[in-house]
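In what follows, chains are A, B, ... by sequence order, proteins preceding strands, each numbered from 1. Atom set for the values below is all heavy atoms of this structure, side chains included, hydrogens, waters and symmetry mates excluded.
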There are 2 protein chains.
Amino acid sequence: MAPGVSSVFLSTTINGVDAKGRVSVPAGFRAVVRNDPEEKIFVWPSFEGGYLEGGGQALLDRYLALMEEMDPYDDARAAFEQTIFGDTRGLAFDGTGRVSLPRDLIDHAGLGGKAAFVGLGARFEIWDPDRLAERKASARNFARDNKKSLRLPPRTGGV
Amino acid sequence: MAPGVSSVFLSTTINGVDAKGRVSVPAGFRAVVRNDPEEKIFVWPSFEGGYLEGGGQALLDRYLALMEEMDPYDDARAAFEQTIFGDTRGLAFDGTGRVSLPRDLIDHAGLGGKAAFVGLGARFEIWDPDRLAERKASARNFARDNKKSLRLPPRTGGV
DNA sequence: TGGGATAACATGGGATCGGATGGGAAACAA
DNA sequence: TTGTTTCCCATCCGATCCCATGTTATCCCA
């Protein structure tokens with residue numbers, strides 16, 4: 001496979017979360033981590049809001065490398081380690097490509113029956129569909145209010 | 001070793017400490033040290049606060065190498081050696097994956113019935129759940145206020 | 001180009017396995 | 001002995017595995 005063709009998380013998919021907390025990971029997302037040493041995704045609660053962040057082994061390694069570069073007794077390092085690694089779960093797929101989300105992650109994201117997987121390249125986010133719609137709306141407004149600074153070409157339908 | 005191939009401690013797990021001082025080490029943590037020459041974890045009281053720090057053979061080796069690099073007559077070296085290695089215990093698992101924590105370690109961490117194992121990549125910490133909650137809150141705030149210093153390239157190398 | 005066959009994906013429920021925990025017996029130290 | 005630690009067994013509960021079903025996308029051929 002050509003490098004970079006399906007090696008990134010793309011597009012948004014909404015799947016159901018059942019009573020056991022199980023949710024199908026979009027097939028395209030599974031393909032991204034298919035050849036990882038451990039075929040699983042790593043997920044943690046965002047410290048910026050009520051949603052989850054995740055990625056594959058590659059993303060985790062990048063965070064680990066980032067931490068190694070910081071001073072061992074830097075307060076920032078300790079805070080990030082605690083906040084990110086301390087709450088990160090490695091989730092393996094069952095035979096049909098599902099993972100089961102721990103209850104605390106479901107609660108943090110406010111997931112009620114549905115989960116939206118949002119591909120963002122090297123990583124992805126998991127949202128409650130309603131919350132995602134809100135964020136999208138405000139992001140759109142922000143973009144409109146700031147389009148001059150964003151240098152958007154006129155008349156594109158875009159994103 | 002490649003950075004972070006499964007061999008990292010992740011996420012937070014709270015297990016019970018019984019009257020004998022026994023506590024189940026989270027299965028995921030046991031898996032990390034499964035192939036160590038000695039299948040045990042090494043734990044010592046943190047000199048930064050009322051909690052414990054620990055890791056596997058790999059972590060211990062790294063600290064040893066670090067010490068070797070320091071000047072033999074450096075006061076700091078002596079202090080670190082004394083503080084870390086002097087109080088480090090190697091704890092072996094019983095048949096069901098438990099270790100029994102010595103009384104002085106329990107006291108240092110203020111453990112009362114419960115112990116929170118916090119995975120931080122190459123190492124882990126053991127906290128009393130109440131103390132952990134306090135620190136987690138402040139770490140989270142710190143992380144949010146300083147996220148800019150966590151330089152995260154938004155994309156993978158290739159693409 | 002329409003339509004049926006086929007495969008891939010998503011989902012639901014029951015069975016099974018492994019991890020966490022409690023208690024007691026045996027080995028050990030003081 | 002007496003108190004302490006280690007080992008072993010029994011149980012509980014949640015996570016994982018497996019099989020069955022529904023649904024959608026894709027392919028192939030008339």
Side-chain angles (χ1 to χ4, degrees), chain A residues 1 5-6 9-34 38-44 52 54 87-107 111-119 124 126-129, chain B residues 6 9-34 38-41 43 54 89-107 111-119 124 126-129 132:
Chain A
M1 172 191 308
V5 169
S6 86
F9 302 101
L10 284 183
S11 92
T12 298
T13 307
I14 298 181
N15 283 339
V17 182
D18 68 18
K20 298 180 183 176
R22 296 182 304 184
V23 57
S24 282
V25 176
F29 284 30
R30 294 202 300 268
V32 175
V33 301
R34 177 137 304 152
E38 282 189 292
E39 206 170 301
K40 53 171 67 170
I41 57 173
F42 298 91
V43 179
W44 65 93
L52 310 178
D87 290 324
T88 296
R89 311 290 184 95
L91 304 176
F93 306 119
D94 71 7
T96 63
R98 285 177 292 196
V99 296
S100 62
L101 292 171
R103 200 162 327 271
D104 58 319
L105 291 186
I106 290 180
D107 291 344
L111 302 181
K114 296 280 179 188
F117 287 80
V118 183
F124 59 84
I126 302 175
W127 286 78
D128 174 75
Chain B
S6 136
F9 301 100
L10 281 185
S11 94
T12 298
T13 306
I14 298 179
N15 283 338
V17 182
D18 67 18
K20 301 178 184 177
R22 296 182 303 182
V23 57
S24 283
V25 177
F29 285 30
R30 295 202 299 269
V32 176
V33 302
R34 177 138 303 153
E38 284 188 292
E39 205 169 302
K40 52 171 66 171
I41 56 174
V43 180
R89 312 290 183 91
L91 304 176
F93 307 120
D94 71 7
T96 62
R98 284 179 291 199
V99 296
S100 61
L101 292 171
R103 188 88 48 206
D104 57 322
L105 291 186
I106 290 181
D107 291 343
L111 301 181
K114 297 276 179 191
F117 288 78
V118 184
F124 60 84
I126 301 175
W127 286 77
D128 173 75
L132 178 64

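When the options B/Leu10, B/Val118, B/Ile41, B/Thr12 are evaluated for a side chain to side chain contact (heavy atoms under 4.5 Å, CB included) with B/Phe124, the one that passes is B/Ile41.
Across the protein-nucleic acid pair, B/Phe93 atom CZ and C/dG18 atom P stand 18 Å apart, rounded to whole Å. The distance between atom CZ of A/Arg103 and atom P of D/dA15, rounded to the nearest whole Å, is 7 Å. With rounding to whole Å, A/Leu91 atom CG is found 15 Å from D/dG14 atom C1'.
Counting non-hydrogen atoms under 4.0 angstrom, B/Arg30 reaches the backbone sugars and phosphates but no base.
Between B/Ala115 and B/Val23, the shortest heavy-atom distance links the atoms CB-CG2, 4.4 Å. Pairing each heavy atom of A/Val17 with each of A/Lys114, the nearest pair is CG2-C, 4.0 Å. When all heavy atoms of B/Phe93 and B/Lys40 are compared, the pair lying nearest together is CE1-CA, 4.4 Å. For the pair A/Leu111 and A/Asp128, the tightest heavy-atom approach, listed with the atom from each and the gap, is CD2-N, 3.5 Å.
Each end of the helix from C/dT1-D/dA30 to C/dA30-D/dT1 yields a helix axis from five base pairs, and these two axes differ in direction by 30° (to the nearest 10 degrees).
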Check step by step if salt bridge (charged side-chain N to carboxylate O under 4.0 Å, His left out) holds for A/Arg89 and A/Asp104.
CA-CA 11 Å; A/Arg89 311 290 184 95; A/Asp104 58 319; 3.0 Å; yes
Identify all pairs in which a protein N or O lies below 3.5 Å from an N or O of nucleotides 11-14 of chain C, and state each distance.
residue: C/dT11; atom: OP1; partner: A/Gly16; partner atom: N; Å: 3.3
residue: C/dT11; atom: OP2; partner: A/Gly16; partner atom: N; Å: 3.4
residue: C/dG12; atom: N7; partner: A/Arg98; partner atom: NH1; Å: 3.0
residue: C/dG12; atom: O6; partner: A/Arg98; partner atom: NH2; Å: 2.9
residue: C/dG13; atom: N7; partner: A/Arg22; partner atom: NH2; Å: 3.0
residue: C/dG13; atom: O6; partner: A/Arg22; partner atom: NH1; Å: 2.7
residue: C/dG14; atom: O6; partner: A/Lys20; partner atom: NZ; Å: 2.2

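Contacts of A/Ser11 classified as side-chain contact (heavy atoms from CB on, under 4.5 Å), with partners at least two apart in sequence or in another chain: A/Thr13.
Rounding to the nearest 0.5 angstrom, the gap separating the OG atom in A/Ser24 from the CZ atom in A/Phe29 is 13.0 Å.
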